[in-house]
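A quick write-up on the structure given underneath.
Here the structure is a predicted model, which means the values were calculated and not measured. Every chain is numbered from 1 and lettered A, B, ... according to where its sequence line falls, protein lines coming before strand lines.
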Amino acid sequence: MPVITLPDGSTRPFDGAVTGTTVAASIGPGLAKAALAMEVDGRLMDLSAEIGTDAKLRFITRRDPEALEMIRHDCAHVLAEAVQELFPGTQVTIGPSIENGFYYDFHRNEPFTPEDFPAIEAKMREIIARGAAFQRRVVSRAEAVDVFVKKGERFKVELIRDLPADQVITLYSQGEWTDLCRGPHMRTTADIGPAFKLQKVAGAYWRGKPENPVLSRIYGTAWRDQKELDAYLTMLEEAEKRDHRKIGREMHLFHLQEEATGSVFWHPKGWKLYRTVEDYMRRRLDAADYEEVKTPQLVDRRLWEASGHWEKFRHAMFLAKVEDKDEADRTYALKPMNCPCHVQIFNQGIRSYRDLPMRMAEFGACHRFEPSGALHGIMRVRAFTQDDAHIFCEEHQIAAETVRFVDLLSAIYRDLGFTDFRVKFSDRPEVRAGEDAVWDRAEGALKEACVTAGVEYELNPGEGAFYGPKLEFVLRDAIGRDWQCGTLQVDFVLPERLDATYVAEDGTRKRPVMLHRAILGSFERFLGILIEQHAGRFPLWLAPVQVVVATIVDDATPFAQQAAAALRAAGLRVETDLRNEKINRKVVDHIEQRVPVLAVVGRREAEEGKLVLRRLPGREQEVLPLAEAVALLRREGMAPDLSSAPVAAE
RNA sequence: GCCGACGUAGCACAGCGGUAGUGCAACCGAUUCGUAAUCGGUAGGUCGCGAGUUCGAUUCUCGCCGUCGGCACCA
C-alpha cells in the first residue's frame with residue numbers, strides 16, 4: 001500500500017503499485033495533462049513507471065528545468081528516427097541533450113550537410129505529430145545485443161558490450177523506432193512541441209578518440225515554445241555582433257593574415273588597448289610584490305631537454321637553426337613557456353628561505369605550434385604573451401600564496417568587468433609525478449585556500465598537470481564558449497629537474513615549490529574576451545580612443561585643436577574629427593567606432609571656450625568649460641587602481 | 001591534425017564556361033550645415049595560390065594555403 005507524499009507535504013495512499021499517470025489523474029485533470037515526467041525520491045522517471053512503495057513524488061511539467069532537458073533529449077531521438085527513415089543505412093550512436101540543445105552522432109559514408117536539414121526537420125515534425133508514446137522496455141544484455149546486431153547497428157552493440165555488468169539495460173521505442181537509452185522520456189513525441197531547429201553539422205570522432213571512425217554530428221536546439229526559441233536565436237545573432245574578430249576589424253584593433261598564421265598584427269588602436277591593460281597589470285603586480293623579469297626568446301634545446309619539454313612537447317615547439325657552419329648542429333627553440341627560464345634566474349646565486357616566497361613575473365612572449373584546427377581569432381593563437389609569474393616558495397606557503405593570488409585575480413577581473421567567472425579545481429591525474437602524500441598536502445592547501453578566499457570551485461577530477469594540482473579560472477565568450485584564462489598550478493617536479501634549491505631554516509638544502517600562475521592567461525585571449533564582454537564599448541579607461549573632438553563648422557577648428565591638446569595633456573587618448581561633414585554624420589560614425597565620449601565644438605563653444613560632451617551611444621549632452629571638461633574626463637578615464645589615489649592639482 | 005562549409009575591391013555582399021558588378025569606405029569637387037548617414041563626380045579587383053579539363057576558367061576537377069563551425073588538442 002504505497003503512500004505518495006507530494007511536494008506540498010500532502011499524502012495519498014494507494015491500494016497497490018501505481019503509475020505517475022494514475023497519481024496525476026487522481027489529483028486533477030489539469031495536472032494529468034501537464035505532467036510530463038516525475039521525480040520519485042529524487043530520481044527522474046517516466047510518468048508511466050510504477051511506484052510500489054512509499055515515496056516522495058514531484059511531477060515535472062513544462063515549466064521545470066528538467067522538462068527542457070527532456071524536450072531536448074526526446075528531440076534527439078526524433079532526429080535519429082527521422083534520419084534513419086530518410087537515409088536508410090545510417091547507423092545511430094549517441095544523442096544527448098546539451099546546453100541549449102542536443103546533438104546526435106550518426107555513422108554514414110556520406111556526411112550530412114545543412115542542405116539536408118529542411119527534409120529532416122519536416123520529417124521530425126511529422127514524427128512529433130504522430131505523437132507515439134515513448135515505451136520503456138528492460139532487456140537482458142543478450143537480448144539487447146541481439147536487437148542491434150539484427151539491425152546492423154554496430155556502434156550500439158559496442159556500447160552495450162561496454163556497459164557495466166550491473167547496469168539495467170533499457171530500450172525506448174517511439175512507435176516502430178527503438179533506441180538503446182537510459183531514459184527517462186516524456187510521454188509521447190508530441191510533448192516535444194514545435195520549438196526546435198537543426199543548426200549545424202560537424203565531424204566528431206566515435207567516442208572522442210581520433211583513431212576511431214569520424215561520425216557526422218547534427219546539432220540542434222529545442223525549447224519549450226516558439227517564443228523561447230526565437231529569443232534564443234535572437235540572442236545568438238546578438239552574440240555574433242560581439243564577435244571579437246568582427247569588432248577587431250571594425251575598430252581597427254588588429255588583423256591576421258596567412259603569412260603569419262596564428263600571430264596577431266596589432267594596429268595602433270589595438271595596441272593602445274593592449275598597452276593600457278599591460279600597464280595596469282604591471283602596476284598591479286608591482287603592488288603585489290612581484291618582481292618583473294625578461295627572459296630569452298630563443299633557447300638552446302639543452303635547456304628544454306633538461307626541463308622535460310623536449311621529450312613531451314617538442315611537437316608543439318618552433319625550432320630554429322642557423323646556417324653558420326660552426327653553429328649548424330645547435331638547435332634552438334622559441335620558448336613555449338617561461339618557467340625554465342625563470343628557474344635559471346632563481347638558480348643564479350644561493351637562495352635562502354628568507355628570500356621566499358619569490359614572485360617572479362614576466363610578460364613572456366611564447367610560441368606554440370597549435371594544431372591548425374585549434375586556431376580561433378586571437379583567442380587561440382601560436383604566438384602570445386602570457387602575464388606569467390612563478391612563485392618560488394616553501395610547501396607550507398602554498399595556501400597563503402594561493403589566497404593572495406585569488407584575491408589579486410578577483411580584484412583584477414572585477415576592474416576589467418568580469419564579476420562572473422568559474423573556477424575549476426583539477427586534482428591528481430592517473431599518470432603523475434610525486435608521492436601521494438605530497439599530492440594530499442598540495443590539493444589540501446589549494447582547497448583550503450579557495451575556502452579562505454571565498455571562491456567556489458567545481459571539481460575537475462583527474463585533470464591536474466602531471467606535476468601538480470591546478471586551479472583554472474574560466475571566462476565565457478559572447479558565443480557561450482568557455483576559455484581558460486587564469487590558472488594556478490602547483491609544481492613539485494620542475495624545481496627538481498632543473499635543480500632549484502634554497503637553504504632552509506635548518507641549514508639544509510631544499511627544493512622550493514613552484515606555483516605557475518597567470519591571471520589574464522594570454523593577452524591575446526584575454527583581450528579577445530574583453531572585446532566580446534564589452535562588445536567593443538569599453539569603459540573610458542580602457543577605450544583605445546577615449547574622446548573625439550568634433551567640429552560643427554570650420555570656424556571651430558582652432559578651438560577644437562586647442563581642446564584636444566588640453567585633453568591629451570591630461571593623459572587622455574583623443575582624436576579630432578575636423579571633417580567637412582554634418583555633425584549628424586560625425587555622431588553616427590563615432591557611435592559605430594564605439595568611441596565613449598564625443599566632445600562637440602560649434603561656433604558658440606569656440607567663442608565661449610566650452611565643450612558639449614555626449615556619452616556615446618547615449619543622447620544626453622552636457623556643456624562644460626574646457627578646464628572642467630578636462631578635469632572631469634581625466635578623473636573618469638583613470639584606471640580603477642589609480643582612481644582612489646588623490647588627483648594631483650591641475 | 002580530422003569532418004564539413006567557405007575564400008570575388010578596405011568592409012559587406014551579388015554574379016557566372018565568353019577576361020567582373022552593387023552598397024558603404026577611399027579620392028576630387030560643391031556645401032559650413034547644432035547632435036543617429038549632404039549632394040555630385042572619380043578611381044579601385046592576376047575573383048586565395050598552383051595545376052588540370054576546355055577554343056576559352058573567377059565559374060568545372062584536383063592539390064595546397066587560409067578562414068569559419070564542430071571534433072581532437074590546449075604543457
Side-chain angles (χ1 to χ4, degrees), chain A residues 103 105 108 110-115 199-219 240 243 245-246 249-250 252 255-262 304 307-317 335-340 366 368-377 379-382 384 386 463 465-467 470 472 479 481 483-484 487 489 491 493-494 516 521-522 525 550-557 578-592 598-605 612-614 616-621 623:
Chain A
Y103 68 79
D105 283 347
R108 183 171 177 242
E110 181 120 346
F112 295 104
T113 75
E115 275 118 64
Q199 292 174 294
K200 52 198 175 189
V201 290
Y205 301 118
W206 166 236
R207 297 189 144 183
K209 299 255 166 53
E211 61 273 21
N212 287 345
V214 175
L215 306 173
S216 186
R217 175 174 297 180
I218 297 178
Y219 282 94
E240 255 176 59
D243 191 309
R245 293 163 296 196
K246 182 175 153 66
R249 206 181 304 117
E250 288 170 358
H252 311 113
H255 87 271
L256 300 155
Q257 70 183 52
E258 61 178 289
E259 286 81 356
T261 308
W304 304 115
S307 70
H309 290 95
W310 189 258
E311 189 198 353
K312 256 198 118 177
F313 305 114
R314 188 179 15 174
H315 63 278
M317 289 163 71
K335 66 176 172 188
M337 51 205 316
N338 308 298
C339 25
C366 296
R368 298 179 190 174
F369 187 74
E370 302 286 0
S372 59
L375 301 176
H376 178 85
M379 309 259 242
R380 186 84 182 265
V381 286
R382 288 179 175 157
F384 53 93
Q386 295 177 315
E463 292 296 312
F466 77 97
Y467 50 70
K470 62 183 180 185
E472 292 171 25
I479 317 165
R481 286 180 287 210
W483 296 91
Q484 183 201 305
T487 182
Q489 309 179 5
D491 184 357
V493 172
L494 200 61
H516 306 245
S522 91
R525 172 174 298 179
T551 50
I552 296 175
V553 291
D554 284 346
D555 291 350
T557 296
L578 309 174
R579 289 177 303 167
N580 176 11
E581 288 289 351
K582 290 188 172 175
I583 193 63
N584 288 320
R585 174 52 180 277
K586 297 188 182 184
V587 168
V588 169
D589 285 350
H590 298 114
I591 287 172
E592 247 171 38
L598 188 67
V600 177
V601 180
R603 195 168 281 126
R604 197 157 62 232
E605 288 72 27
V612 186
L613 299 187
R614 177 168 165 175
L616 301 182
R619 288 176 182 274
E620 301 84 65
Q621 304 171 21
V623 188

Side chain of [X] (C-beta onward), nearest among [options]:
X      : options             : value
A:P210 : B:A75, B:A72, B:G70 : B:A72
A:H309 : B:U35, B:A75, B:G69 : B:A75
A:R217 : B:G34, B:A72, B:G70 : B:G70
A:R619 : B:A36, B:U35, B:A72 : B:A36
A:P617 : B:A36, B:A75, B:A72 : B:A36
A:L375 : B:U67, B:A75, B:C33 : B:U67
A:R525 : B:A75, B:C74, B:G34 : B:C74

Report yes if a side-chain nitrogen or oxygen of [X] is closer than 4.0 Å to either non-bridging phosphate oxygen (OP1 or OP2) of [N]; otherwise report no.
X      : N     : answer
A:T261 : B:G66 : yes
A:R585 : B:U38 : yes
A:R368 : B:C73 : no
A:R245 : B:G69 : yes
A:R314 : B:A75 : no
A:Y205 : B:G1  : no
A:S216 : B:C3  : no

Identify whether any heavy atom of [X] sits under 4.0 Å from a base atom; if not, whether one sits that close to sugar-phosphate; answer base, sugar-phosphate or nothing.
X      : answer
A:H376 : sugar-phosphate
A:G521 : nothing
A:V600 : base
A:Q257 : nothing
A:Q621 : base
A:F112 : nothing
A:G373 : base
A:K312 : nothing
A:P371 : base
A:A202 : base
A:R481 : sugar-phosphate
A:R380 : base
A:N584 : sugar-phosphate
A:F466 : nothing

For A:E211, does the CD atom sit with more than 12 other heavy atoms under 6.0 Å from it, leaving out its own atoms?
yes
List the steps, then state whether salt bridge (charged side-chain N to carboxylate O under 4.0 Å, His left out) holds for A:E620 with A:R614.
CA-CA 6 Å; A:E620 301 84 65; A:R614 177 168 165 175; over 6 Å; no
Report yes or no: is the cationic atom of A:R382 (NZ for Lys, CZ for Arg) under 6.0 Å from the centre of the six-membered ring of A:F369, at an angle within 45° of the ring normal?
yes
Does any donor atom in the side chain of A:H590 or A:E592 lie under 3.5 Å from an acceptor atom in the other side chain?
no
If we count only N and O atoms by modelled type, under 3.5 Å, do the side chains of A:Q489 and A:Y467 hold a donor and an acceptor together?
yes
List the residues meeting side chain to side chain contact (heavy atoms under 4.5 Å, CB included) with A:R207, not counting sequence neighbours, and say none if there are none.
A:E158, A:L159, A:D162, A:N212
Which residue, A:P114 or A:K209, contacts RNA chain B at a nucleotide closer to its 5' end, judged by nearest heavy atom?
A:P114
Which sits closer to the 5' end of RNA chain B, A:A204 or A:V587, going by the nucleotide each is nearest to?
A:V587
Inter-nucleotide [atom1] distance ([N], [M]), Å rounded:
N     : M     : atom1 : value
B:G15 : B:G1  : P     : 31 Å
B:A43 : B:A9  : C1'   : 11 Å
B:A26 : B:C11 : P     : 15 Å
B:C16 : B:G21 : C1'   : 11 Å

Before giving the answer on side chain to side chain donor-acceptor pair (under 3.5 Å), spell out for A:Q257 and A:H255 the whole-Å C-alpha distance, their side-chain angles and the decisive distance to 0.1 Å.
CA-CA 7 Å; A:Q257 70 183 52; A:H255 87 271; 2.8 Å; yes
Secondary-structure notation, RNA chain B, from Watson-Crick and G-U pairs under 3.5 angstrom (| other strand):
(((((((..((((....[..)))).(((((.......))))).....(((((..]....))))))))))))....
Donor-acceptor check, side chain of A:S216 to backbone of A:F112, threshold 3.5 angstrom: yes or no?
yes
Closest non-hydrogen contact found for A:G203 with A:V214 is CA-CG1, 4.0 Å
Are the aromatic ring centres of A:W310 and A:H315 under 6.0 angstrom apart?
no
